[in-house]
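What follows is one structure encoded as structure tokens, with my remarks underneath.
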There are 2 protein chains.
Amino acid sequence: MNSKPVSLQLFNRLTKYLYFLEAFEEGEIPEYISATTIAKDLNYNDVQVRKDLASVSSGGKPKVGYVTRDLICDLTSFLGHDNETDAVLAGAGNLGRALMNYENFNNYGLNIVAAFDLADKVSEAQGFFKNKKVLSFDKMGDLCKRLGIKIGIITVPAEFAQEVCDIMVANGVRAIWNFAPINLKIPDYVVIKNEDMAASLALLIKRLKRKEDTKIRLEAGLKVD
Amino acid sequence: MNSKPVSLQLFNRLTKYLYFLEAFEEGEIPEYISATTIAKDLNYNDVQVRKDLASVSSGGKPKVGYVTRDLICDLTSFLGHDNETDAVLAGAGNLGRALMNYENFNNYGLNIVAAFDLADKVSEAQGFFKNKKVLSFDKMGDLCKRLGIKIGIITVPAEFAQEVCDIMVANGVRAIWNFAPINLKIPDYVVIKNEDMAASLALLIKRLKRKEDTKIRLEAGLKVD
DNA sequence: TAGATTGTTAATCGATTAACAATC
DNA sequence: TAGATTGTTAATCGATTAACAATC
């Protein structure tokens, strides 16, 4: 039922397959779809697509492919786009508010039950942001425990992140979604996903520079390694 | 000068090394730091740390390690935290505003020169958000071309993302940072980095569920695969 | 000299791709 | 039957780890 751990790569590819399938207008969904078709659109190897699909679906039919609607269901359920999960958020600054307000999360089953911040931020938000409660930090641990919250989102500045994380973990949170650019220490029964915007952007810029260099070298007839 | 392409994994690890080194208070920075020390703190294999560092630094000294300050410089420059780059942003919604307002980017050298959105959003923002200009979409292409902007950030809803992307690319943008949950089509002289918040969160939840299942199975004395 | 550490070479592991038989 | 496609087994590729010699 719950075999191998999913690698980031596999998970991201599966997500792209679902996006591709969901791009069909209702009523224009083809009955069957082949791995070859998906692979061509996403610029992937078709054997890889088939292998990936094998990990979520009950299989396709030679010559025609996979039943599109079944595949959509299988992907949706595997990716967990259909389940509802509660979370708390620490740090109601700009990024935190963006997440609180991100409509997509509701579609994908995330429910931020409350946000926490320093007292002045709380009163600035008048205790609410877009119908979500904003509370003072000292209420966080208690609420996590009382509601049995398993997911904590950290969007506070790096210097407070470890402290916030510790409080969450001490009160039953078992998954941390961390946006602070810092390496958080957690016990090994807690899972963490770091979302480092600045690092991510830095990599994009690095790759852009590399591509530009390569282009210049090619034009100049220099060796490209 | 610009040898192999950097893998995502390597880049992320290098970023963590730098965070670790930057965590020392000024004045308490040790003269030397060993790969073993870094590895222990981040829970990595020490040979890997040494190999990673070899790709950015001129090498350490047996018995003592690497000169800490030199290493910080090498990492900073390799990761590009010291260069200044201009970008435009399409979609001044909540996420877009969060990015416009994200102080870290300034530290890491990103300069969002202007944001673009639909006319009503522009007037709502009164043409500005936190001293950044918000303009109407139809001015985007022209501005990209005029200022020679190479980086475009896409935070519009999925259904407009391809169109926005095409305009950017047609006007000289060569790197796309895409937050819309859609697979954008780009020519191969353009680099892209997808930032799919919902997918990222879904993976975290998946791993949390898996860990909980494993725990329950262990407690029940069942087979864990 | 002994011990901690670097850096290289070889072995292992995992993920991707190629080759091909099975199927409708 | 022929052709497109699936799915499996083997080969390749890349990244991580282990073993070990070199060094201060």
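The sequence lines fix the lettering, A, B, ..., with proteins before strands; numbering per chain opens at 1.
Between B:Thr36 and C:dT6 there is a side-chain polar atom (N or O) within less than 4.0 angstrom of OP1 or OP2. The phosphate of D:dG7 has OP1 or OP2 within less than 4.0 Å of a side-chain N or O from A:Tyr66. In terms of phosphate contacts, A:Arg50 brings no side-chain nitrogen or oxygen within less than 4.0 Å of OP1 or OP2 of D:dG7.
Among the nucleotides D:dA18, D:dT6, D:dA15, the one closest to the side chain of A:Pro62 is D:dT6. Nearest to the side chain of A:Lys63, among C:dT6, D:dA4, D:dA18, sits D:dA4. Side-chain proximity of B:Val47 to D:dT6, C:dT8, D:dT16: nearest is C:dT8. Set against D:dA18, C:dA18, D:dT16, the side chain of B:Gln48 has D:dT16 as its closest nucleotide.
Distance B:Ile38 CD1 to C:dT5 P: 12 Å, rounded to the nearest Å. The distance between atom CG of B:Asn45 and atom P of C:dT8, rounded to the nearest whole Å, is 16 Å. The CG-C1' distance, from B:Leu53 to D:dT16, rounds to 15 Å in whole Å. We find that CD of A:Gln9 is positioned 19 Å from P of C:dC13, with the value rounded to whole Å. Between the P atom of D:dT5 and the CG atom of A:Asp46 lies a distance of 10 Å, rounded to the nearest Å. Atom P of nucleotide D:dA15 and atom CG of B:Leu8 are separated by 11 Å, given to the nearest angstrom. Taking atom CG of residue A:Leu14 and atom P of nucleotide C:dT16, one finds them 11 Å apart after rounding to whole Å. Counting to the nearest Å, the C1' atom of C:dA15 and the CZ atom of A:Phe11 are 18 Å from each other.
The pairing partner recorded for D:dT23 is C:dA4, the criterion being a Watson-Crick or G-U wobble arrangement whose two distances lie under 3.5 angstrom. Across every strand in view, D:dT16 sits in a pair with C:dA11 that passes the Watson-Crick or G-U test at under 3.5 angstrom.
Look at A:Glu26 and A:Arg69 and you find a salt bridge, because one of the NZ, NE, NH1 or NH2 atoms lies within 4.0 Å of a carboxylate O, short of that distance. Salt-bridge formation is detected for the pair B:Lys185/A:Asp41: a Lys NZ or Arg NE/NH1/NH2 atom is positioned less than 4.0 Å from an Asp or Glu carboxylate oxygen.
A cation-pi arrangement is found for A:Lys206 relative to B:Phe78, the charged atom lying closer than 6.0 Å to the ring centre and inside a 45° cone about the ring normal.
Contact annotation: side chain of A:Lys51 to base of D:dT6, donor-acceptor pair absent below 3.5 Å.
In terms of position along DNA chain D, the nucleotide closest to A:Gly60 lies nearer the 5' end than the nucleotide closest to the other residue of the pair B:Tyr44 and A:Gly60.
Using a distance-only test at 3.5 Å, with no hydrogens or angles considered, no donor-acceptor pair links the side chain of B:Asp166 to the main chain of B:Glu163.
Using a 4.5 Å cut-off on side-chain heavy atoms (C-beta onward), A:Arg174 and A:Val169 make contact.
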